[in-house]
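Start at 1 with the first residue, then count along the sequence.
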Amino acid sequence: MTDVTSRIETEIKSQDVVVFMKGTPQFPMCGFSGQVAQILNYLGVPFKGVNVLEDMEIREGIKAFSQWPTIPQVYVKGEFVGGCDITREMFQSGELQQLLTEKGIATSTAAA
């Protein structure tokens with residue numbers, strides 16, 4: 001296992017929901033990262049943002065790690081969920097809320 005792989009695994013295990021994104025949850029640096037942050041904030045789900053713009057090794061390493069070419073990347077309880085489009089589609093269909101509930105992660109819209 002490479003150093004960058006172990007760093008990525010440590011990040012993924014550090015919190016229930018982790019987003020590898022451009023920018024931070026408070027200040028996304030691209031529209032796609034912003035959409036993912038907005039969805040998770042709307043659901044009231046605490047998440048950790050890993051700013052790939054601050055670390056080129058992580059930025060390239062996460063793509064190889066997940067075998068997914070784009071950023072942002074969403075992980076729930078260590079499991080890769082997808083990027084912006086998949087997260088948005090899952091949110092709109094209710095699948096994201098269901099996944100979070102199944103994984104034991106409360107959302108503010110659980111009763112809705």
Side-chain angles (χ1 to χ4, degrees):
M1 180 168 31
T2 65
D3 178 51
V4 71
T5 301
S6 63
R7 288 173 51 213
I8 289 168
E9 287 179 346
T10 299
E11 291 288 2
I12 290 169
K13 293 173 185 170
S14 70
Q15 196 160 325
D16 287 344
V17 180
V18 178
V19 180
F20 289 84
M21 62 188 298
K22 294 178 181 175
T24 65
Q26 299 77 23
F27 194 71
M29 298 295 287
C30 84
F32 300 115
S33 293
Q35 283 183 39
V36 168
Q38 190 174 20
I39 288 167
L40 294 173
N41 286 330
Y42 175 81
L43 293 175
V45 174
F47 69 99
K48 177 177 186 175
V50 178
N51 185 355
V52 300
L53 298 177
E54 292 179 344
D55 189 329
M56 282 299 136
E57 261 192 339
I58 294 284
R59 184 177 184 171
E60 294 308 313
I62 193 62
K63 295 174 187 177
F65 181 85
S66 64
Q67 299 181 334
W68 191 262
T70 60
I71 293 168
Q73 293 187 13
V74 179
Y75 289 80
V76 175
K77 295 266 183 156
E79 178 185 328
F80 177 58
V81 174
C84 178
D85 290 347
I86 290 172
T87 302
R88 183 177 57 239
E89 288 169 15
M90 288 178 71
F91 168 69
Q92 290 171 341
S93 72
E95 285 179 78
L96 182 61
Q97 296 87 318
Q98 182 179 345
L99 172 70
L100 292 166
T101 301
E102 287 171 1
K103 298 282 187 177
I105 301 168
T107 65
S108 60
T109 59

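- Considering every non-hydrogen atom in both Pro28 and Ser33, the closest pair reads CB-C, 4.1 Å.
- For Gln73 (side chain) and Trp68 (main-chain N/O), a donor-acceptor pair under 3.5 Å exists by modelled atom type.
- In this structure the side chain of Leu99 never reaches within 4.5 angstrom of the side chain of Glu95, judged on heavy atoms.
- Across every non-hydrogen atom of Met21 and Ala37, the tightest pair is CE-CB, 4.4 Å.
- Nearest heavy atom pair, residue Val4 against residue Gly61, reads CG2-CA, 4.3 Å.
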Evaluation steps, side chain to side chain contact (heavy atoms under 4.5 Å, CB included), between Phe80 and Gln67:
CA-CA 10 Å; Phe80 177 58; Gln67 299 181 334; over 6 Å; no
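- In this structure, Gly44 and Ser108 approach most closely via the heavy-atom pair N-OG, 3.6 Å.
- Atom-to-atom distance recorded for Tyr42:OH and Thr107:OG1 is 10.0 Å, nearest 0.5 angstrom.
- Between Val18 and Lys13, every side-chain heavy-atom pair lies at or beyond the 4.5 Å cut-off.
- The OG1 atom of Thr101 lies 9.0 Å from the CG atom of Leu96; values are rounded to the nearest 0.5 Å.
- The distance from atom NZ of Lys77 to atom CG of Leu100, rounded to the nearest 0.5 Å, is 10.5 Å.
- The side-chain heavy atoms of Val36 and Phe47, taken from C-beta on, include no pair separated by under 4.5 Å.
- Within 6.0 Å of the CZ atom in Phe32, the count of heavy atoms belonging to other residues, nucleotides or ligands does not exceed 12.
- Once rounded to the nearest 0.5 Å, the distance linking CD of Gln38 with CZ of Arg88 reads 11.0 Å.
- Scanning both residues, Val81 and Met90, for their nearest heavy atoms gives CG1-SD, 3.6 Å.
- Residue Ile86 holds its CD1 atom at 7.0 Å from CD of Glu89, rounded to the nearest 0.5 Å.
- Side-chain contacts under 4.5 Å among hydrophobic residues (ILVMFWY), followed directly or transitively, place Leu53 together with Phe27, Met29.
- Residue pairs meeting the salt bridge (Lys or Arg N to Asp or Glu O under 4.0 Å) criterion with at least one member in residues 22-42: none, sequence neighbours excluded.
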Determine, stepwise, if the pair Asp55 / Arg59 fulfils side chain to side chain contact (heavy atoms under 4.5 Å, CB included).
CA-CA 6 Å; Asp55 189 329; Arg59 184 177 184 171; over 6 Å; no
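- Screening residues 25-50 for salt bridge (Lys or Arg N to Asp or Glu O under 4.0 Å), with sequence neighbours left out, gives Glu11-Lys48.
- Within the 4.5 Å cutoff, no side-chain heavy atoms of Lys103 are placed close to those of Val17.
- In this structure, Val50 and Tyr75 have side chains that are not in contact, with every pair of non-hydrogen atoms separated by 4.5 Å or more.
- Residues Ile58 and Arg7 form a side-chain contact, since some pair of their non-hydrogen atoms from C-beta on lies under 4.5 Å apart.
- For the pair Phe91 and Leu43, the minimum side-chain heavy-atom distance is below 4.5 Å.
- From Ile62, atom CD1 reaches atom CD1 of Ile8 across 4.5 Å, with rounding to the nearest 0.5 Å.
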